[in-house]
Amino acid sequence: MDFPLITDPFFYAIAVPAVLLLGLSKSGFGSGFGSLAVPMMALAVTVPQAAAILMPVLLVMDLLGMAAFRKDFDKALLKFMLPFAMVGVAIGAVLFKLLDAKVVAAIVGAFTLLFLAQQILFKPRPDSPPPPRWLGAILLITSGFTSFISHAGGPPVNAYVVPLKLKPVQFTATLAFLFFFINMAKWGPYAWLGLLDMRNFATSLVLLPLAPVGVWMGVRLARRMDPTLFYRLIRWGMFLTGCKLLWDGLR
């Protein structure tokens, strides 16, 4: 009987840096870069398989991130965001088999680049009001949906939270708790869709030791990062993510 594990060296050459990037993003440092993990791994496996392999890794990262920032999250903001994100997860579960992953990738990529263009062309003033809550609701539903499809929930929620100008640690902590609940909500539907098989799980176990390494690196950087540089790096991460997702969707 074959050992239930991906053994292709090319897969691991792609998966190792992808998981490290995901760990950095889970700590808040380079928050946009985490959405590159599935597109990167999709160079070697299918998008659904890449998403399934990352599920146990994400669980460990989420727990580490929450432990590191357990006293820093914005409770009121999390309470507002969570229900809408859950609606997005439910929509993703229902539509998963109907939607082409490339279509979802293109939509997320285009939206991310449009948000960044708006930020550059119409840069908000220091006294600008926060985004309206109805826009936040739409973005959170989008985040839950794209997170279910390809773990690409970062760009939409960043589009709402970045203009709120939270402190870097508070920003990081709030998103760490949000994505823990989002990712926990995905386990049942992923099992129902048949994505959590032994081959994917065994491959996850090989990648699992990288989870604390990436999170630890990111936590240290996030707590020492100048806020201006912090958000500049987030926007660069979102730009690269948007370009990669749009390219994957249109090619």
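Basis for what follows: all heavy atoms, side chains included, without hydrogens, waters or symmetry-related copies.
The side-chain hydrogen bond (donor to acceptor under 3.5 Å, both in side chains) test applied to S204 returns no partner, not counting sequence neighbours. Under the side-chain contact (heavy atoms from CB on, under 4.5 Å) criterion, P132 pairs with W134, L135, not counting sequence neighbours. Legend: residues meeting side-chain hydrogen bond (donor to acceptor under 3.5 Å, both in side chains) with D8, ordered by chain and number and at least two apart, are absent. With sequence neighbours excluded, the residues forming a side-chain contact (heavy atoms from CB on, under 4.5 Å) with L195 are P48, A52, F96, Y190, L193, listed by chain and number. Remark: A137 pairs with F84 by the side-chain contact (heavy atoms from CB on, under 4.5 Å) rule, at least two apart or across chains. Under the side-chain hydrogen bond (donor to acceptor under 3.5 Å, both in side chains) criterion, Q170 pairs with no residue, sequence neighbours left out. Remark: F11 pairs with no residue by the ring pair (Phe, Tyr, Trp, His ring centres under 6.0 Å) rule, at least two apart or across chains. By the side-chain contact (heavy atoms from CB on, under 4.5 Å) test, I91 is found to be paired with V87, L95, I141, F145, residues two or more places apart in sequence or in another chain being considered.
Nearest approach of G92 to I149, heavy atoms of both residues: O-CD1, 4.0 Å. Across all non-hydrogen atoms, the minimal contact from N183 to M55 is O-CE, 3.6 Å. Taking both residues in full, the closest heavy atoms of P56 and F201 are given as CG-CD1, 4.0 Å, listed atom of the first, atom of the second, then distance. Listed here is the closest heavy atom pair of L5 and R199: O-NH1, 3.4 Å. Heavy-atom minimum distance, A18 versus M41: CB-CG, 3.9 Å.
Considering only heavy atoms from C-beta on, T203 stays 4.5 Å or farther from V45 through its side chain. Within the 4.5 Å cutoff, no side-chain heavy atoms of V57 are placed close to those of I53. Contact check for S147 versus V89: no side-chain heavy atoms found under the 4.5 Å cut-off. By the 4.5 Å heavy-atom criterion applied to side chains, V19 and L208 are not counted as neighbours. Between L178 and F73 there is no side-chain heavy-atom pair separated by less than 4.5 Å. The shortest distance between side-chain heavy atoms of V157 and L139 does not fall below 4.5 Å. Contact of the Y160 side chain with the R133 side chain is registered, since non-hydrogen atoms from C-beta on lie closer than 4.5 Å. At least one side-chain heavy atom of F171 sits less than 4.5 Å from a side-chain heavy atom of N158.
The CG atom of L64 lies 9.5 Å from the CE atom of M66; values are rounded to the nearest 0.5 Å. A distance of 11.5 Å separates NZ in K75 from OG1 in T174, rounded to the nearest 0.5 Å. Atom CG of L175 and atom CG of D62 lie 11.0 Å apart (nearest 0.5 Å). To the nearest 0.5 Å, atoms CG (L59) and NZ (K186) are separated by 11.5 Å.
For W192, the CH2 atom sits in a loose shell: 12 or fewer heavy atoms of surrounding residues, nucleotides or ligands are nearer than 6.0 Å. A 6.0 Å sphere centred on CZ of F80 holds more than 12 heavy atoms belonging to other residues, nucleotides or ligands.
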* Asked: Could you walk me through whether T172 and D72 pass the side-chain contact (heavy atoms from CB on, under 4.5 Å) check?
  -> CA-CA 8 Å; T172 297; D72 302 302; over 6 Å; no
Take L58 and F179 through the test side-chain contact (heavy atoms from CB on, under 4.5 Å) and record every step on the way to the result.
CA-CA 9 Å; L58 282 169; F179 279 105; over 6 Å; no
For V161 and M81: C-alpha separation, side-chain torsions, deciding distance, then whether side-chain contact (heavy atoms from CB on, under 4.5 Å) applies. CA-CA 10 Å; V161 179; M81 294 194 298; 3.9 Å; yes
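W247 and L250 fall into different hydrophobic clusters, where Ile, Leu, Val, Met, Phe, Trp and Tyr are joined by side-chain heavy atoms under 4.5 Å apart, directly or via other members.
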